[in-house]
Amino acid sequence: MTDATPSLNFFFADSDLDEKRTEMLVSEQLQGMDDGELYLESTQSESFSFDDGRLKAASFDSSQGFGLRAVTGDSTGYAHSNELSEAAIKRAGDTVRAVRTGTSGSMSLAPARTNKQLYSDQNPLLGIGFDRKVSLLGEIDAYARDADPRVRQVSVGLVGSWQAVEIIRADGHRVRDIRPLVRLNVSVMLGEGDRQETGFDGAGGRRAYDFLFDQSQWQAQVHEAIRQAAVNLESQDAPAGEMTVVLGPGWPGVLLHEAVGHGLEGDFNRKKTSAFAGLLGERVAAPGVTVVDDGTLEARRGSLSVDDEGTPTERTVLIEDGILKGYMQDRLNARLMGMQPTGNGRRQSFAHQPMPRMTNTFMLAGDKDPAEILASVDDGLYAVNFGGGQVDITSGKFVFSCTEAYRVKGGKILHPVKGATLIGNGPDVLKRVSMIGNDLALDNGVGICGKGGQQVPAGVGQPTLRVDGLTVGGTAG
């Protein structure tokens, strides 16, 4: 998929360029720079939205272009265009060379090569026709409405994309990759009298559509969405105050992603704007807490054979047994910090510069039975699913809303609650982890991470966790 992939000649099909001439242009435009590359990208994407028993929207988009980056010291010049031609690359070169300011740098060594292939190169947009995709959404809608008489509304979304990238450096080093990505979302609203509540379930990954069309897969998603909505129909106002909180496995790792993960990215730590800056080798979490970022997991949503600078992804240990071990790095920040790139240089598209970003970030399992963790709670909250949240990277402070949570007393679940929010500080929460479950789970493949105005797919995960003394905002009077 990477170096083993035949050249992506379609980039040059309608251009006055060929591969050799492009290599020469890149070398000319980046002469004297410390780093940089030409990033070529072609993307096809489609989406379907089914609501109120009918197809509401269907779209298809195709884009192609390049981004040229030049790096000198900590300065970056970047130019992009959807026109791939010699003239366009030269115009881009005139722009990015402005960062050189008379210096003569030495181009950094190219990334290591890899032949690993983490996902299929099959284009998910092909093979299954438009009518079959729309038919599937109709089947899901009908099945959900028949599954529970309380169903009042069903929304189904299907999204797929196919992306081809080629990265060319000044020394002629080339890296190629083909990346599929699919997702199926199911949202259900249940009603009883005047009260209505919703439930949601999604699934996806770097695969073809086939597994989402499997009846057992989408039916399980429907039942999960209905279950969540039914739980919310029974929910009572959430309590407020400082209490013990048990976080469920899997998707609740989004709190770890936002409140801790971003603070472990290289740029924030180089600029010393992260709460973790300067703490390498020091204890930043409770014993037993180990956090990794792993872009090498097969077919996962955040996985990449190579990042958007051409560096192979890897399993990066960020925190080990509570001790801060490393940061997620792109090439620029790694070089300036005297560290090695970790394959975390990512960009939303050819129109964006790469920056250090998470891939699949999660906490490793401990040795506690989840039932034992719940039984240990005298008075607290069990948070199973999360919605939106806000995080301040510099301080680590966060606020997250729970979409599924339960009141726990005497080690037993009493009833679901609504309106619960978790309020705290990421680094502080890590030190308050007192029990770690043996049930590590990753999310189902629907995560989207935002940073600096860019969005990229990402994965999260964790085992069941007990956190002591976490502030809960509630709605109970």
Side-chain angles (χ1 to χ4, degrees), residues 43-63 123-163 180-233 251 254 301 348-349 385-388 401 403-404 443-450 455-458:
T43 299
Q44 298 173 3
S45 61
E46 66 180 8
S47 65
F48 300 83
S49 177
F50 201 92
D51 199 6
D52 291 332
R54 61 192 177 92
L55 183 67
K56 277 293 186 69
S59 67
F60 175 83
D61 181 69
S62 178
S63 65
N123 187 340
L125 280 60
L126 304 177
I128 299 178
F130 177 91
D131 291 344
R132 179 66 189 101
K133 292 168 185 174
V134 176
S135 174
L136 171 69
L137 303 187
E139 290 174 33
I140 295 173
D141 178 272
Y143 183 82
R145 294 179 188 278
D146 290 341
D148 193 306
R150 298 172 294 176
V151 172
R152 294 184 177 178
Q153 184 176 350
V154 180
S155 298
V156 188
L158 183 67
V159 181
S161 66
W162 180 88
Q163 180 191 58
L181 189 65
V182 297
R183 187 174 79 239
L184 174 66
N185 298 329
V186 179
S187 179
V188 174
M189 177 184 291
L190 298 188
E192 289 182 341
D194 294 333
R195 184 169 181 179
Q196 298 182 145
E197 298 289 349
T198 60
F200 169 86
D201 192 66
R206 292 199 177 278
R207 307 168 61 176
Y209 276 132
D210 304 58
F211 83 106
L212 296 177
F213 279 69
D214 184 277
Q215 187 178 70
S216 62
Q217 169 66 38
W218 59 258
Q219 286 186 354
Q221 289 186 237
V222 169
H223 287 295
E224 173 59 18
I226 290 175
R227 183 198 68 79
Q228 288 184 26
V231 165
N232 289 330
L233 278 176
W251 179 248
V254 69
R301 184 170 175 84
Q348 179 174 314
S349 75
N385 271 305
F386 288 97
S401 59
T403 56
E404 183 182 353
D443 74 288
N444 292 330
V446 296
I448 297 175
C449 173
Q455 292 188 330
V456 296

Asker: Considering all heavy atoms of both residues, which atom of Ile226 and which atom of Ala144 are nearest to each other, and what is their separation?
Answerer: CD1-O, 4.0 Å
Asker: Less than 4.5 Å apart, any side-chain heavy atom of Leu190 and any of Val151?
Answerer: yes
Asker: Can you see whether Ser59 engages Ser47 through a side-chain donor-acceptor pair at a distance of less than 3.5 angstrom?
Answerer: yes
Asker: Which word best sums up how the rings of Tyr143 and Trp218 line up, parallel for under 30°, tilted for 30 to 60°, or perpendicular for over 60°?
Answerer: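 Answer is perpendicular, since the angle exceeds 60°.
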Asker: Considering only heavy atoms from C-beta outward, does the side chain of Leu158 approach that of Val182 to under 4.5 Å?
Answerer: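 They are not in contact (no side-chain heavy atoms under 4.5 Å apart), so the answer is no.
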Asker: Grab the two heavy atoms, one from Ala208 and one from Pro124, that are nearest each other, plus how far apart they are.
Answerer: CA-CB, 3.9 Å
Asker: Say whether, by atom type as modelled, one donor and one acceptor occur between the side chain of Tyr209 and the main chain of Ile128 under 3.5 angstrom.
Answerer: no
Asker: Test your reading of the model: is there a side-chain donor-acceptor pair from Asp201 to the backbone of Val186, 3.5 Å cut-off?
Answerer: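 Flag not set: sc Asp201 to bb Val186 has no pair under 3.5 Å.
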Asker: Arg206 side chain to Pro180 main-chain N or O, any donor-acceptor pair under 3.5 Å?
Answerer: yes
Asker: Taking atom CZ of Phe50 and atom OG of Ser135, what is their separation to the nearest 0.5 Å?
Answerer: 9.0 Å
Asker: Report yes if some heavy atom in the side chain of Ile140 is under 4.5 Å from a heavy atom in the side chain of Leu184; otherwise report no.
Answerer: yes
Asker: Can you tell me how far apart CD (Gln221) and OG (Ser187) are? Round to the nearest 0.5 Å.
Answerer: 12.0 Å
Asker: Does any N or O in the side chain of Trp251 come within less than 3.5 Å of the main-chain N or O of Asn444, such that one atom is a donor and the other an acceptor?
Answerer: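 Between the backbone of Asn444 and the side chain of Trp251 there is no qualifying donor-acceptor contact (under 3.5 Å).
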Asker: With a 4.5 Å heavy-atom cut-off, do Lys133 and Glu46 have their side chains touching?
Answerer: yes
Asker: With distance as the sole criterion, is a donor-acceptor pair present between the side chains of Asp51 and Ser155 under 3.5 Å?
Answerer: yes
Asker: Can any side-chain N or O of Gln348 pair as donor or acceptor with the backbone N or O of Gln455 at less than 3.5 Å?
Answerer: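 Looks like yes, one N/O pair under 3.5 Å.
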Asker: Using side-chain heavy atoms (C-beta onward) and a distance below 4.5 Å, is Leu181 in contact with Pro457?
Answerer: yes
Asker: Check for a donor-acceptor pair, side chain of Gln228 on one end and backbone N or O of Phe200 on the other, with a separation under 3.5 Å.
Answerer: yes
Asker: To the nearest 0.5 Å, tell me how far Arg152 CZ sits from Arg145 CZ.
Answerer: 12.5 Å
Asker: Less than 4.0 angstrom from a charged side-chain N to a carboxylate O is my criterion; do Arg227 and Glu404 meet it?
Answerer: yes
Asker: Of all the heavy-atom pairs spanning Arg150 and Ala230, show the shortest one and how long it is.
Answerer: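 Closest approach of Arg150 to Ala230: NH2-CB, 3.7 Å.
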Asker: Is any side-chain heavy atom of Leu136 less than 4.5 Å from a side-chain heavy atom of Phe48?
Answerer: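 With C-beta onward as the side chain, the pair stays apart.
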Asker: How long is the straight-line distance from CZ of Arg207 back to CG of Leu212, given to the nearest 0.5 Å?
Answerer: 7.5 Å
Asker: Could you tell me whether a side-chain N or O of Arg301 sits under 3.5 Å from a main-chain N or O of Gly204, the two making a donor and an acceptor?
Answerer: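 Pair absent, no side-chain N/O of Arg301 close to backbone of Gly204.
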Asker: Work out which heavy atom in Thr403 is nearest to a heavy atom in Asn232; give both atom names and the distance.
Answerer: O-OD1, 3.2 Å
Asker: Are Arg54 and Lys56 side-chain neighbours, meaning at least one heavy-atom pair lies under 4.5 Å?
Answerer: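 Side-chain contact under 4.5 Å: yes.
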Asker: Give a yes or no answer on whether the side chain of Arg195 reaches the backbone of Leu233 with a donor-acceptor pair at less than 3.5 Å.
Answerer: yes
